[in-house]
Structures are given as structure tokens and as C-alpha cells.
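Worksheet: the structure to be examined is printed underneath.
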Number of protein chains: 2
Amino acid sequence: MKSDGGVGMSQGASAVAQKSGESLLFLTDDQIRKGIEAMFFAYRGFTADPDRILDEHGYGRAHHRAIHFIHRSPGTTVNNLLSILGVTKQSLNRVLRALVEDGLVEARIGHRDKRERHLYLTEAGAALEQKLSDAQRERMRAAYRAAGPVAVAGFRQVLEAMMDPEMRRHFDGLSDSSR
Amino acid sequence: MKSDGGVGMSQGASAVAQKSGESLLFLTDDQIRKGIEAMFFAYRGFTADPDRILDEHGYGRAHHRAIHFIHRSPGTTVNNLLSILGVTKQSLNRVLRALVEDGLVEARIGHRDKRERHLYLTEAGAALEQKLSDAQRERMRAAYRAAGPVAVAGFRQVLEAMMDPEMRRHFDGLSDSSR
DNA sequence: CTTGGAAAGTCAACAAGGCTGACATAAGAT
DNA sequence: ATCTTATGTCAGCCTTGTTGACTTTCCAAG
């Protein structure tokens with residue numbers, strides 16, 4: 001694999017390319033592949049705890065996502081949720097209908113624009129949200145604590161750089177303290 | 001929500017708890033929640049590019065995962081793949097059958113134990129793997145480059161701490177230079 | 001050599017959660 | 001009055017996961 005002096009793997013930018021003294025060893029194909037696999041395995045852990053709880057309640061990840069973002073942005077409209085979740089309205093509607101029927105979510109008709117439905121968690125919905133996010137936060141907190149503040153800052157930087165621009169807009173939007 | 005001096009949210013370990021001079025601000029519920037949302041949005045980006053390519057070929061993420069880990073561990077058995085992927089044999093078999101029928105994967109009967117099937121990518125399979133991992137690596141590399149080596153190290157640390165122990169074993173196993 | 005059990009494959013049936021397309025309704029906007 | 005938007009809904013399809021039952025192959029222990 002090392003043809004011309006250790007540089008020049010098969011595809012494009014894989015070479016180390018000792019540029020201006022900086023080693024850039026973290027950009028080798030091997031490092032990146034390990035990052036890809038770490039994402040895969042970590043995401044499994046990330047969803048494992050909520051998945052167990054959801055299963056007990058007869059829900060799935062789709063319900064979790066809806067509950068999470070309704071909790072984060074109480075009164076959000078269906079359309080807004082649609083663009084955050086990136087699914088079709090039919091898909092979201094199926095989930096939302098179940099949550100409303102089960103009394104976890106309330107869909108209030110808009111005052112200004114009566115076509116809109118503003119979504120809120122009921123007390124029962126908020127209780128499930130607590131349970132789910134407690135479980136997910138606990139693992140996250142353990143990981144954060146184990147890795148330390150510097151690692152956490154890096155973690156967040158890489159994740160944000162990995163998002164599609166549109167998703168980053170949503171992500172930044174959620175961080176607004178306006179609400 | 002702010003009862004006793006701005007600290008003391010609802011659930012457990014959320015308080016800042018200024019322990020021995022270290023600020024631990026990175027362990028607040030708010031920081032953790034942002035990490036959770038960052039994971040969610042970033043994972044979407046992480047899978048977006050391969051998903052597009054897979055779609056053109058009439059495959060899904062399940063096929064990608066199989067192809068990836070067969071590429072990583074040529075000659076791996078079905079059982080080993082099963083434990084890495086964490087799905088049922090019926091689910092994996094469906095995917096594997098399609099890949100074998102399409103000539104992307106070869107399943108050789110074991111020499112020592114003839115019950116086992118050892119899985120290999122064919123030339124066509126390796127070509128698709130290239131295409132998929134090139135796309136995924138490109139985004140990863142861009143994120144790594146934007147964030148820098150220190151951030152990348154932190155990223156990896158947090159991800160590894162987030163895995164289930166069994167998944168971490170698989171992850172570490174893949175990094176072995178033995179084989 | 002026989003038999004128990006492991007590895008693998010297969011068939012059937014089902015569910016969640018994506019998708020598309022078509023259509024209905026209400027209401028804001030022009 | 002008409003166009004457009006927001007939402008809901010019905011029908012049908014696909015992928016990918018599940019469980020359960022059964023078969024074949026074949027190593028290994030008795």
C-alpha cells in the first residue's frame with residue numbers, strides 16, 4: 001500500500017501530506033475509519049436506554065423524537081416539527097395521532113392562524129419525557145465525566161461540523177434562549 | 001424551576017456541584033441535552049451520503065453495514081457478523097442473500113468447520129464499498145479538518161465512553177492489527 | 001458409531017416506521 | 001372568488017427489524 005514514500009493511497013485525500021510542519025496524522029483513512037465505526041457503535045449505546053423504556057410503553061424511536069422536540073419547543077407547529085425531524089407528514093402524523101390519543105400530547109388549534117396545530121406535552125407526556133431523557137442523559141453524563149471537559153468540547157465541535165447545514169440551523173435554533 | 005439559588009433542577013445529578021475547584025459546567029443538564037441533540041443531527045449527516053448512493057443501487061443501510069464489516073474483516077463468519085451488527089440471523093440473512101445473489105459478497109464454506117460460511121467481498125462488492133466509504137469518509141474528513149486534532153481526540157474519547165461494553169469490545173477488536 | 005448440540009439456512013408471519021400518491025378541509029392571502 | 005398553505009387521512013408499498021418453527025450439516029462427546 002505504500003508506493004511512493006508512504007504517501008498515495010488509493011482514493012484521493014488519504015495521504016498524510018506533511019503540510020507546513022503540522023502532522024495531520026488524524027486525517028489518515030485509518031483514523032477516519034475508526035471515527036466512522038465509533039459513531040456506529042456509540043449511536044447504538046446512545047439509543048439503547050430510551051429504546052428499552054419506549055418498548056415497555058409500546059412506542060418506538062419515532063415517538064421519542066417527537067416527544068423530545070415538542071418538549072424542547074412547546075407550542076411548535078406540525079410543519080416545524082416536520083422540518084426538524086426530516087420525515088413526511090404521513091409518517092409524523094401516524095406517530096402524533098398515537099401520542100394524542102394516548103393523552104401524551106395536546107394539539108391546540110392556533111389562535112392567530114387557525115390552520116396550525118400547536119403541540120404541547122400533557123402531564124403524562126412530560127412524565128415520559130423525563131423518564132426517557134433521564135435515562136439518555138445518565139449515559140451521556142457518564143461519558144462526559146469519563147472523557148472530561150476538553151474532550152466534550154471537541155466532541156461537540158466534530159459533531160457540529162458533521163451536520164448538514166440545514167440541520168445545523170435547526171440545532172442552533174434550538175439553543176436559542178428565546179422562547 | 002430555579003428554587004435554591006439557581007442550582008437544583010428536577011432530576012438527580014443535574015446540579016453543578018462546584019467540586020474541589022473544577023467547574024464541571026460541562027455536566028449540566030443543558031450541556032448534556034445539547035450533546036444529545038448534536039448526536040441526533042450529526043448522525044443524520046453521518047448517514048446521508050451513503051444513503052443516497054445505496055438508494056441508487058437499490059440497497060439500504062443494512063446492506064451498507066454488512067458490506068462495511070465484511071470489508072473490515074474479510075473471511076468473518078455469519079455468527080461473528082451477527083454479534084457485531086446486533087440483529088437476528090433472519091434479518092441478516094435476508095440482506096446477505098441479496099448481496100450474494102447480486103454478486104457483491106461471496107460466502108465460502110469453512111475448511112476447518114464446514115458449517116461456517118466465511119464472507120468475502122467480490123470485486124464488485126469491494127467497488128461499492130469504496131464508493132460508500134469514500135463518501136462517508138469525505139464528510140468525516142471535512143469535519144475532522146474543521147475541528148482539528150485535539151477536538152478529534154475528544155470526539156473519539158466521548159464516543160468510546162458512550163458505547164455499551166460489549167460494543168466497545170467489538171470496536172477494540174476491529175482495531176487489532178492481528179489478522 | 002451414534003447422538004447431542006452448534007452453525008447456518010429457510011419459511012411464514014408480523015410490526016414499526018419510512019415512503020409516494022391522491023384527496024379533503026379549513027383558513028389565510030391575494 | 002380564487003390561490004395557496006397547513007393539516008389530516010386513506011391506501012399501498014418497501015426496508016428492516018422481530019418471533020417461532022423446522023431442516024440440514026457436521027463437529028464432538030459418549
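Just so we're on the same page: letters track the sequence lines, and every chain starts at 1.
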Would you tabulate the side-chain donor-acceptor contacts of residues 102-111 of chain B under 3.5 Å, counting partners in other chains and residues two or more places apart, or write 'none'?
| unit_1 | atom_1 | unit_2 | atom_2 | d |
| --- | --- | --- | --- | --- |
| B:Asp102 | OD2 | B:Tyr59 | OH | 2.4 |
| B:Glu106 | OE2 | B:Arg108 | NE | 3.4 |

Using atom types as modelled, flag every donor-acceptor pair under 3.5 Å from a side chain in residues 149-160 of chain A to any protein atom, sequence neighbours excluded.
| unit_1 | atom_1 | unit_2 | atom_2 | d |
| --- | --- | --- | --- | --- |
| A:Arg156 | NH2 | A:Glu160 | OE2 | 3.4 |

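When the side chain to side chain contact (heavy atoms under 4.5 Å, CB included) test is applied to B:Thr77, the partners found at least two apart in sequence or on another chain are B:Asn79, B:Asn80, B:Glu116, B:His118. Residues that satisfy the side chain to side chain donor-acceptor pair (under 3.5 Å) test with A:His68, not counting sequence neighbours, are B:Glu37. Not counting sequence neighbours, B:Glu138 has no partner by the side chain to side chain contact (heavy atoms under 4.5 Å, CB included) test. With sequence neighbours excluded, the residues forming a side chain to side chain contact (heavy atoms under 4.5 Å, CB included) with A:Arg97 are A:Asn93, A:Glu101, listed by chain and number. Considering only residues two or more places apart in sequence or on other chains, B:Asp49 meets the side chain to side chain donor-acceptor pair (under 3.5 Å) condition with B:Arg52, B:Arg139. Residues forming a side chain to side chain donor-acceptor pair (under 3.5 Å) with A:Lys114 (at least two apart in sequence, or on another chain): none. For A:Phe40, the ring-ring contact (aromatic ring centres under 6.0 Å, His included) partners at least two apart in sequence or on another chain are B:Phe69.
Put simply, NE2 on A:His118 is 12 Å from C1' on D:dT7, counting in whole angstrom units. The nearest whole Å value for the distance from the CG atom in A:Leu92 to the P atom in D:dG8 is 8 Å. One can place CG of A:Asp55 at 15 Å from P of D:dG17, the figure rounded to the nearest angstrom. Distance CG (A:Leu85) to P (C:dG17): 13 Å, rounded to an integer number of Å.
Using a cutoff of 4.0 Å between basic side-chain nitrogens and carboxylate oxygens, A:Arg137 and B:Asp29 are scored as salt-bridged. Using a cutoff of 4.0 Å between basic side-chain nitrogens and carboxylate oxygens, B:Asp51 and B:Arg61 are scored as salt-bridged.
Residues of residues 56-66 of chain B that place a heavy atom closer than 4.0 Å to DNA chain C do not occur. Within residues 43-51 of chain B, no residue has any heavy atom under 4.0 Å from DNA chain C.
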Interface polar pairs with nucleotides 6-11 of chain C, N/O, under 3.5 angstrom:
| unit_1 | atom_1 | unit_2 | atom_2 | d |
| --- | --- | --- | --- | --- |
| C:dA6 | N3 | B:Arg115 | NH1 | 3.0 |
| C:dA8 | OP2 | B:Asn79 | N | 3.2 |
| C:dA8 | OP2 | B:Asn79 | OD1 | 3.2 |
| C:dA8 | OP2 | B:Asn79 | ND2 | 3.1 |
| C:dA8 | N7 | B:Lys89 | NZ | 3.4 |
| C:dG9 | N7 | B:Lys89 | NZ | 3.3 |
| C:dG9 | O6 | B:Lys89 | NZ | 2.6 |
| C:dT10 | OP2 | B:Asn93 | OD1 | 3.4 |

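With the nearest nucleotide of DNA chain C identified for both A:Val95 and A:Arg112, A:Val95 has the one nearer the 5' end.
Residue A:Thr88 places no side-chain N or O under 4.0 Å from the OP1 or OP2 atom of C:dG18.
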